[in-house]
Novice: 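Mind having a look at this structure? Questions to follow.
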Amino acid sequence: MKTLRTQVGIVGAGPAGLVLSQLLHLQGIESVMLEARSRQYCEERIRAGVLEHGTVDLLNQIGAGRRMQREGMVHEGVELRFNGQGHRIDFRELTGKTITVYGQHEVVKDLINLRLSEQAQIFFEAEQVRISEFENAGNPTIRFLHHNEDYEVHCDFIAGCDGFHGVCRPSVPAGTLTLYERIYPFGWLGILAEAAPSAEELIYCYHERGFALHSMRSPSITRLYLQCNPNEDIASWPDEKIWAELQKRLEGPQGWLLNEGAVIQKGVTGMRSFVVEPMRCGKLILAGDAAHIVPPTGAKGLNLAVADVYVLARALESHYKTGNGALLDAYSETCLRRVWKVQRFSWWMTSMLHRFKDENRFDAKRQIAELDYVTSSRAASQTLAENYVGFPLS
Ligand code: FAD
Ligand code: DHB
């Protein structure tokens with residue numbers, strides 16, 4: 001058995017865990033991080049792609065932004081497409097801000113490189129991770145198996161950054177947390193294709209056959225999504241069928257063409273809205289997807305994870321530097337104010353753009369009227385833009 005001692009034990013090396021460990025490092029606070037998956041798996045896992053301006057600023061400030069500045073694509077707006085017509089929401093004009101399209105796995109790659117270059121302790125492929133003694137006055141401990149050796153990490157705090165399916169949230173005694181949840185009757189089928197993007201900006205498309213989204217990862221790689229059944233079997237979607245469906249849904253103004261290419265990755269993601277309150281139990285603090293999930297239509301999951309750990313790092317800094325625990329005590333409440341605003345926005349974007357099984361003709365007309373309103377009223381466009389580019393990190 002190997003025993004380690006650190007200030008903050010971080011479970012999970014996704015965006016939340018990695019940004020937290022870097023923020024703590026910059027404040028001279030020690031952490032040890034353990035991750036169930038291999039480094040390669042974490043660096044290749046295709047997920048989100050949109051970074052809010054505040055996330056971009058933070059990544060730059062913590063020294064993780066160099067490659068993002070070179071390779072990330074700054075977008076000044078998005079298109080909402082319905083009835084075959086595009087309507088641009090101009091973020092820069094409406095908010096003075098922009099977003100950056102840069103894959104989550106690239107962010108993770110950059111952060112892992114940065115942390116390891118600073119001699120961070122990250123245990124990849126940690127097995128049988130368990131946490132204990134975090135309630136109240138205990139001595140928080142993380143136990144795990146690594147390369148057939150048992151480890152025990154004693155820490156002041158455990159940061160539960162292990163995503164929706166992690167071990168931290170389920171380790172909290174029953175009855176301590178309140179769960180809020182909505183599961184949507186559809187999922188997204190996502191592909192990555194070796195095709196040049198067909199437009200300079202993202203296209204969120206409402207179509208009678210279901211929602212579709214055109215995004216990108218680079219000048220030669222397109223990321224595309226289709227609304228599908230929540231438990232859709234990807235095997236029943238050969239590439240030709242995916243392209244045919246994308247062509248139908250994304251049909252645009254005369255002359256607009258969706259570029260096709262080799263499909264290099266595909267998968268189905270279910271969609272839910274989920275929050276636990278509070279985001280803390282004694283010395284266990286939950287952050288990111290471990291505490292909340294948003295449907296991806298607002299492109300918020302990663303950004304919300306980063307916003308949580310920004311608040312957490314400042315609270316831990318105050319605790320260690322001044323002995324003042326007020327910010328830590330306020331952590332959950334501070335984060336939840338943003339979480340619920342982002343939940344509302346993500347639910348709203350999802351509701352406006354998807355077809356629902358139980359909807360009737362009235363609902364479809366109402367959705368079109370809403371899209372018409374959002375794209376023709378400056379006030380409504382500004383509301384969308386303000387939420388999409390993201391609120392300042394508090
Ligand atoms: P995660 O990125 O999930 O990181 C948690 C880490 O903890 C993982 O590396 C995991 O391996 C590790 N872990 C889990 N259990 C344990 C354990 N027991 N012990 C140790 N480590 C553990 N958002 C969007 O905005 N747009 C999208 O298109 C989009 N697509 C997505 C597709 C998928 C398949 C998923 C799952 C999510 C997607 N999201 C998307 C959401 C977004 O990617 C997440 O909100 C974001 O990853 C949250 O970061 P996190 O660090 O909190 O959690
Ligand atoms: C991407 C994902 C999203 O959920 C979204 O709303 C916009 C873009 C993407 O993967 O590029």
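Indexing begins at 1, ligand by ligand and atom by atom, following the structure's order.
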Novice: Show which atoms of ligand 1 fall inside a sub-4.0 Å distance from at least one heavy-atom site of Gly166.
Specialist: 15 (N)

Novice: Return yes when Ala126 approaches ligand 1 closer than 4.0 angstrom through a heavy atom, no otherwise.
Specialist: no

Novice: Quick one: nearest non-hydrogen protein atom to atom 9 (C) of ligand 2, plus distance?
Specialist: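 Heavy-atom neighbour on the protein nearest atom 9 (C) of ligand 2: Arg217 NH2, 3.4 Å.
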
Novice: List every atom of ligand 1 that sits less than 4.0 Å from any heavy atom of Val11, numbering the atoms from 1 in the order shown and giving each element.
Specialist: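 Listed by number with element, the hits are 19 (N), 20 (C).
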
Novice: Going by the atom numbers of ligand 1, which of them fall below 4.0 Å from some non-hydrogen atom of Pro296?
Specialist: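 The list of qualifying atoms is 26 (N), 27 (C).
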
Novice: Could you check atom 6 (O) of ligand 2 against the protein and tell me its nearest heavy-atom contact, residue, atom and distance included?
Specialist: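 Going atom by atom, the protein heavy atom closest to atom 6 (O) of ligand 2 ends up being Tyr204 OH, 2.6 Å.
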
Novice: Of the protein's non-hydrogen atoms, which lies at the shortest distance from atom 4 (O) of ligand 2, and what is that distance?
Specialist: Pro296 O, 2.7 Å

Novice: Just to be sure I'm reading this right: ignoring hydrogens, which of His165, Gln104, Gln128 gets closest to atom 46 (C) of ligand 1? Compare them by their nearest heavy atoms.
Specialist: Gln104

Novice: Check the angle between the aromatic planes of His214 and Trp256 and answer parallel, tilted or perpendicular using the 30° and 60° thresholds.
Specialist: perpendicular

Novice: Considering Val107, Thr297, Asp162 one by one, which has a heavy atom nearer to atom 7 (O) of ligand 1 than any of the others?
Specialist: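 The option holding the nearest heavy atom is Asp162.
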
Novice: Nearest protein heavy-atom contact for atom 52 (O) of ligand 1: which residue, which atom, what distance?
Specialist: Asp289 N, 2.8 Å

Novice: Counting non-hydrogen protein atoms only, what is the nearest one to atom 11 (O) of ligand 2? Give residue, atom name and distance.
Specialist: Ser215 OG, 2.6 Å

Novice: Below 4.0 Å from ligand 2: does a non-hydrogen atom of Met349 turn up there or not?
Specialist: no

Novice: If I apply the N/O under 3.5 Å rule, does Ala36 come out as touching ligand 1?
Specialist: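 In this structure, Ala36 places an N or O atom under 3.5 Å from an N or O of ligand 1.
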
Novice: Of Pro170, Ser171, Pro15, which has the heavy atom at the shortest distance from atom 50 (P) of ligand 1?
Specialist: Pro15

Novice: Heavy-atom pairs closer than 4.0 Å: do any link ligand 2 to the side chain of Leu213, the backbone, both, or neither?
Specialist: side chain

Novice: Determine whether any heavy atom of Phe144 lies closer than 4.0 Å to an atom of ligand 1.
Specialist: no

Novice: With side chain to side chain contact (heavy atoms under 4.5 Å, CB included) as the test, would you mind laying out the steps for Ile46 and Arg223 before giving the verdict?
Specialist: CA-CA 10 Å; Ile46 303 295; Arg223 177 81 166 141; 3.6 Å; yes

Novice: List ligand 1 atoms under 4.0 Å from Lys300, heavy atoms only on the residue side.
Specialist: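 What qualifies from ligand 1 is 25 (O).
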
Novice: Would you check the N or O atoms of Thr269, main chain and side chain alike, for any that come under 3.5 Å of an N or O of ligand 1?
Specialist: no

Novice: With only distance considered, is Ala16 within less than 3.5 Å of ligand 1 through an N or O on each side?
Specialist: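 In this structure, Ala16 places an N or O atom under 3.5 Å from an N or O of ligand 1.
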
Novice: Could you name the option among His105, Arg47, Glu35 that has the heavy atom nearest to atom 1 (P) of ligand 1?
Specialist: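 Ranked by closest heavy atom to atom 1 (P) of ligand 1, first place is Arg47.
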
Novice: I want to know if ligand 1 touches Trp188 in the polar sense, i.e. an N/O pair below 3.5 angstrom.
Specialist: no

Novice: Going by the closest heavy atom to atom 5 (C) of ligand 1, which one wins out of Ala290, Cys161, Cys168, Pro295?
Specialist: Cys161

Novice: Begin with the C-alpha distance, continue with both residues' side-chain angles, and end with the deciding distance and a verdict on ring-ring contact (aromatic ring centres under 6.0 Å, His included) for Tyr180 and His292.
Specialist: CA-CA 9 Å; Tyr180 301 85; His292 41 70; over 10 Å; no

Novice: To check your reading of the model: name the closest protein heavy atom to atom 1 (C) of ligand 2, its residue, and the distance in Å.
Specialist: Tyr225 CE1, 3.9 Å

Novice: Mind checking whether His146 and Phe123 have parallel, tilted or perpendicular rings, split at 30° and 60°?
Specialist: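 Answer is perpendicular, since the angle exceeds 60°.
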
Novice: Is any heavy atom of the protein nearer than 4.0 Å to atom 39 (N) of ligand 1?
Specialist: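 No.
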
Novice: Could you tell me whether some N/O pair between Arg37 and ligand 1 is separated by less than 3.5 angstrom?
Specialist: no

Novice: Could you see which bit of Trp188 sits under 4.0 Å from ligand 2, with heavy atoms only: side chain, backbone, both or neither?
Specialist: side chain

